[in-house]
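To start, the structure under review is shown below, and the notes come after it.
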Amino acid sequence: MQAKLVLGNWKMNGRHAANVSLLQSMLDDADINREGVGIAAPYPYLAQLAAMFAGSKLAVAAQDVSRYALDGAFTGEVCASMLADMGCRYVLVGHSERRQYFGENDACLREKLQAAVAAGMVPVYCVGETLEEREAGRFAEVVGEQLKTLDAIAGQEYVVAYEPVWAIGTGRVASIEQIDAAHQLILERVLQCHGASASIRVLYGGSVKADNADAILSLASVGGALVGGASLEIKGFGKICQSAKKTL
Ligand code: PEP
């Protein structure tokens, strides 16, 4: 059985000195410092993570990648091969905050997925519906449409993260039934498109905390967790990683 994957997403948080103590606590915690755990840090701190995680089991991840794969005149952009060069194993693509605040659309996300895979990283492709879409009964349509973007990297290694937009950073968690139903549907769609050989992990994200991690991560359809706020605090993150370990 594949290990459940826990990725912390620091979003736009962190400072060099504070990171040192948080990262050291992660390295010292056997529940956290193991295969299948990683941190997605802001670009300026990726080198710090890579240096501190060297020789450990923890993975370095980026929160975004440029749609432009080749070096050149793209001021402010960071391309996939630079991230791979920094030691990133995973990269988030299509996080709802990027879709919402930076207008990332299908065409752009296709290019980002392809660039990530071409550079040898594993993209973590984020999908999820807004509250309005869920209440209008449009969950399957919206998420089904977002999943079509994965055609750009069919047959390659990737991870999907299901993150209902209404549960991100709000403290509002989807119910266990909602999570299971959503994950079953995503797994079914991915298998339909990419064949029975696809062994895809679908992470759940949206206010995962120490006190709900056991229930969420014990679902067979949940391949791990994408953890925002709780990954900035060692005790809670350790407990989430422990829950993921228990369910192996
Ligand atoms: C996220 O940033 O992907 C996320 C799920 O955030 P939070 O855990 O804070 O809801």
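Remember, it's 1-based here, ligands and their atoms both numbered in the order they're listed. Keep in mind the model is a prediction, meaning the values are calculated, not measured.
- Scored by the side chain to side chain donor-acceptor pair (under 3.5 Å) test, S25 finds no partners at all (sequence neighbours excluded).
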Item to complete: Please report the C-alpha distance between R89 and E35 in whole Å, then the side-chain angles of each, then the deciding distance to 0.1 Å, and finally whether the salt bridge (charged side-chain N to carboxylate O under 4.0 Å, His left out) criterion is met.
Response: CA-CA 12 Å; R89 163 135 183 77; E35 294 299 334; over 6 Å; no

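- Note: Y68 and F74 meet the aromatic proximity criterion, with ring centroids under 6.0 Å apart.
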Worksheet item: Does the salt bridge (charged side-chain N to carboxylate O under 4.0 Å, His left out) test come out yes or no for K239 and D31, once each step is laid out?
Response: CA-CA 8 Å; K239 172 70 184 53; D31 288 322; over 6 Å; no

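- Listed by first and then second residue, the side-chain hydrogen bond (donor to acceptor under 3.5 Å, both in side chains) pairs that reach into residues 77-87 are S66-E77, sequence neighbours excluded.
- Taking Ile, Leu, Val, Met, Phe, Trp and Tyr as hydrophobic and joining them when side-chain heavy atoms fall under 4.5 Å apart, one finds W166 in a cluster with L131.
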Between ligand 1 and the protein, which N/O pairs fall short of 3.5 Å?
residue  : atom   : partner : partner atom : Å
ligand 1 : 2 (O)  : N9      : ND2          : 3.0
ligand 1 : 2 (O)  : K11     : NZ           : 2.8
ligand 1 : 2 (O)  : H95     : NE2          : 3.2
ligand 1 : 3 (O)  : H95     : NE2          : 2.8
ligand 1 : 3 (O)  : E163    : OE1          : 3.1
ligand 1 : 3 (O)  : E163    : OE2          : 2.6
ligand 1 : 6 (O)  : K11     : NZ           : 3.3
ligand 1 : 8 (O)  : S207    : N            : 3.4
ligand 1 : 8 (O)  : G228    : N            : 2.9
ligand 1 : 9 (O)  : G229    : N            : 2.9
ligand 1 : 10 (O) : G169    : N            : 2.6
ligand 1 : 10 (O) : S207    : N            : 2.8

